[in-house]
Amino acid sequence: MVLNMGPQHPSTHGVLRVRLTLEGETITACDPVIGYLHRGVEKIGESKRYAQFTPWTDRTDYVAAPSNNLGYVLAVEKLLGIEAPERAQYWRMIMGELARIASHLVWLGTHALDIGALSMSLYCFRERELILDIFEKFCGARLTTNMMEIGGFSRPIPAGLPEMIRDFLKVFPSRQREYEDLLSANPIWLARTRGVGVIEPDVAINYGLTGACLRGSGVNYDVRKAQPYLLYDRIDFEVPLGTQGDVYDRYLVRMEEMRQSLKIIEQCLDQVPTDGPLKLAESNYVIPPHENVLTTAEDMQRHFIWVIKGFSPPKGEVYMSIEHSKGELGYYIVSDGSPVPYRLRIRTPDFVNLQSLPYLAEGAMLADVVALIGTIDIVLGSVDR
């Protein structure tokens, strides 16, 4: 029997169609069909000036928008040969780690909902709202934040924001223990996750998996450790690893990742300078400070040229990757020296991780498919682009 699951199925986490071949309730073949949400984001990037493209990155993985912004902005800065001030780099790390927790909360709530734990989605979104409140205070937006800028941040850090983040750091650990009390020893959860969707370490490497899908199999690879960016080399944190490589191990890895993110955020708040520049001031690649634009003719002219024509980076090509909540997110940019990228490609982690679904599904039960899709943690805006 051939059965279509999706693309209008709540447990496919978006418009994913999975064509299943069944013998009874056992899956003999699985073919994921993607492309229903394809919007040509990369080609749009090749028709926009570098700074104009940032909001489109929000709309790829829309549950972790600041991380998408960050990967793109770092790639552009690498192309330009510039670096944001230290204070801005700390705040980028804080927002990136908050985005990681927010993304994992969406994953946990929907993954548990798929398997039958309805309450988890309500609990997880309760805490996610606290993070979105922080984003809103920081940049005025909650979902598609467009918060990262080339060269740093053009707006000051809002008063009371560090205290707001510290309040979240105090509240979240007890809330996370509630999740674990509900799930970690729950016999139904264990039956649906233990021994299901096992990925052996060599298989994970051969498929090019990253993030929890790789670390759940015991492979120690995290871009923040392997190729440190921003100021992660100053921060003390651990990379959680699984041992069995099953759905349950990937759940444990992501739960520990949230704890490590809290640890990273706290260190960043302790180390970040309380004053100093948030943005490069004397670079033609960076928009001039707003107050200078209003008071000096030179900066007003720079602002006009920057907004109307954009900047022209050096010719060349760069690849920059970060540790996204779902794995390695990479941006590849080719510059021909014009204000618009000649080529722009995005290596989204969930697109690469999704190719493991046929391997996981073959020989599994039909009821396991929702657990397998959930454990990969996909967002179709990011898969299809």
Side-chain angles (χ1 to χ4, degrees), residues 39 41-42 44-46 48-84 88-104 135 139 141 143-153 208-214 221-233 257 261 264 268 285 313 316-335 341 343-353 377-379 381-385:
R39 295 156 295 163
V41 169
E42 293 160 328
I44 290 173
E46 294 169 10
K48 302 293 179 186
R49 296 190 297 277
Y50 285 89
Q52 281 184 313
F53 182 62
T54 311
W56 264 278
T57 65
D58 288 335
R59 289 152 175 85
T60 51
D61 185 347
Y62 32 78
V63 302
S67 296
N68 305 327
N69 293 169
L70 178 60
Y72 173 67
V73 165
L74 287 175
V76 174
E77 289 177 352
K78 185 176 181 180
L79 176 66
L80 300 175
I82 62 175
E83 194 174 80
Q89 293 195 50
Y90 274 115
W91 279 104
R92 284 177 174 180
M93 290 165 66
I94 292 168
M95 293 299 148
E97 293 304 321
L98 285 170
R100 188 184 315 281
I101 298 172
S103 175
H104 281 347
F135 289 166
C139 68
L143 184 70
T144 49
T145 55
N146 189 27
M147 69 165 63
M148 305 292 177
E149 302 172 62
I150 297 166
F153 297 105
L209 306 186
T210 53
C213 291
L214 179 66
Y221 177 75
D222 186 307
V223 180
R224 294 170 296 178
K225 292 281 192 182
Q227 304 170 56
Y229 54 95
L230 296 176
L231 302 174
Y232 277 107
D233 52 352
E257 279 185 10
S261 288
I264 293 169
C268 288
Y285 297 131
E317 58 183 321
V318 294
Y319 176 78
M320 181 68 198
S321 63
I322 67 166
E323 186 64 35
H324 191 276
S325 59
K326 295 168 179 62
E328 181 178 339
L329 170 67
Y331 285 86
Y332 173 68
I333 302 173
V334 179
S335 167
R343 285 288 180 266
L344 190 150
R345 293 291 180 269
I346 311 172
R347 184 222 187 267
T348 56
D350 34 359
F351 170 73
V352 179
N353 293 348
D377 189 14
I378 57 171
V379 167
S382 177
V383 171
D384 285 349
R385 302 188 297 288

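Side-chain atoms are counted along with the backbone in the values below, which use heavy atoms only and exclude waters and symmetry mates.
- N353 and G208 get closest at one heavy-atom pair: OD1-O, 4.5 Å.
- With hydrogens and angles left out, the side-chain atoms of D58 and N68 include no donor and acceptor closer than 3.5 Å.
- You'll find the side chain of R92 reaches within 4.5 Å of the side chain of L74, heavy atoms only.
- When all heavy atoms of G96 and S67 are compared, the closest pair comes out as O-OG, 3.8 Å.
- The shortest heavy-atom contact between G71 and Y331 is C-CD1, 3.4 Å.
- Rounding to the nearest 0.5 Å gives a distance of 10.0 Å between CG of L329 and CE of M320.
- Of all the heavy atoms in Y221 and A226, the pair that sits closest is CE1-CB, 3.6 Å.
- Although no hydrogens or angles enter the test, the distance criterion places no donor-acceptor pair under 3.5 Å between the side chain of T60 and the main chain of S382.
- Checked by atom type and distance alone, the side chain of R100 pairs as donor or acceptor with a backbone atom of E323 at under 3.5 Å.
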For a side chain to side chain contact (heavy atoms under 4.5 Å, CB included) check, start with the C-alpha distance between M147 and L70, then their side-chain angles and the critical distance, and finish with the verdict.
CA-CA 9 Å; M147 69 165 63; L70 178 60; over 6 Å; no

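- Within the 4.5 Å cutoff, the side chain of L230 has no heavy atoms near those of the I322 side chain.
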Could you please spell out the steps behind the side chain to side chain contact (heavy atoms under 4.5 Å, CB included) verdict for T348 and V383?
CA-CA 7 Å; T348 56; V383 171; 5.8 Å; no

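- Remark: aromatic rings of Y72 and F53 are close, center separation under 6.0 Å.
- Of all the heavy atoms in F135 and A99, the pair that sits closest is CZ-N, 3.8 Å.
- By the 4.0 Å N-to-carboxylate-O rule, K326 lies close enough to D61 to be salt-bridged with it.
- A donor-acceptor pair under 3.5 Å is formed between the side chain of S261 and the backbone N or O of E257.
- To the nearest 0.5 Å, atoms OG (S325) and NE2 (H104) are separated by 6.0 Å.
- Judged by distance alone, with hydrogens and angles left aside, the side-chain atoms of Q89 form a donor-acceptor pair with the main-chain N or O of A84 at under 3.5 Å.
- Here the side chains of E328 and P349 are not in contact, with every heavy-atom distance at 4.5 Å or above.
- Residues R224 and E97 are paired through a salt bridge, judged by an N-O separation under 4.0 Å between the basic side chain and the carboxylate.
- Note that the CG atom of N146 and the SG atom of C139 stand 8.0 Å from one another [nearest 0.5 Å].
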Going through the distances and angles, do T54 and E149 end up as a side chain to side chain contact (heavy atoms under 4.5 Å, CB included)?
CA-CA 8 Å; T54 311; E149 302 172 62; over 6 Å; no

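- If you check the side chains of T57 and N69, you find a donor sitting under 3.5 Å from an acceptor.
- Remark: side-chain polar atoms of E77 are paired, donor with acceptor, to backbone N or O of G151 under 3.5 angstrom.
- Judged by distance alone, with hydrogens and angles left aside, the side-chain atoms of E42 form a donor-acceptor pair with the main-chain N or O of I346 at under 3.5 Å.
- Heavy atoms of other residues, nucleotides or ligands lying less than 6.0 angstrom from CZ of F351 number 12 at most.
- A side-chain donor-acceptor contact under 3.5 Å links R39 to the backbone of R59.
- Y50 places a side-chain heavy atom less than 4.5 Å from the side chain of I333.
- A distance of 12.0 Å separates CG of D350 from CG of L209, quoted to the nearest 0.5 Å.
- Taking the charged nitrogens against the carboxylate oxygens, E46 and R345 do have a contact shorter than 4.0 Å, which makes a salt bridge.
- For Y229 and Y232, the distance between ring centers is under 6.0 angstrom.
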Quick one, F153 with W91, criterion side chain to side chain contact (heavy atoms under 4.5 Å, CB included). Give me CA distance, side-chain angles, the key distance, then yes/no.
CA-CA 9 Å; F153 297 105; W91 279 104; 3.8 Å; yes

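- Note: S321 OG to Q227 CD = 5.0 Å, rounded to the nearest 0.5 Å.
- Side-chain contact check for Y332 versus V318: every heavy-atom pair is 4.5 Å or farther apart.
- The closest side-chain heavy-atom distance from R347 to T210 is below 4.5 Å.
- Within the 4.5 Å cutoff, side-chain heavy atoms of L80 are placed close to those of V76.
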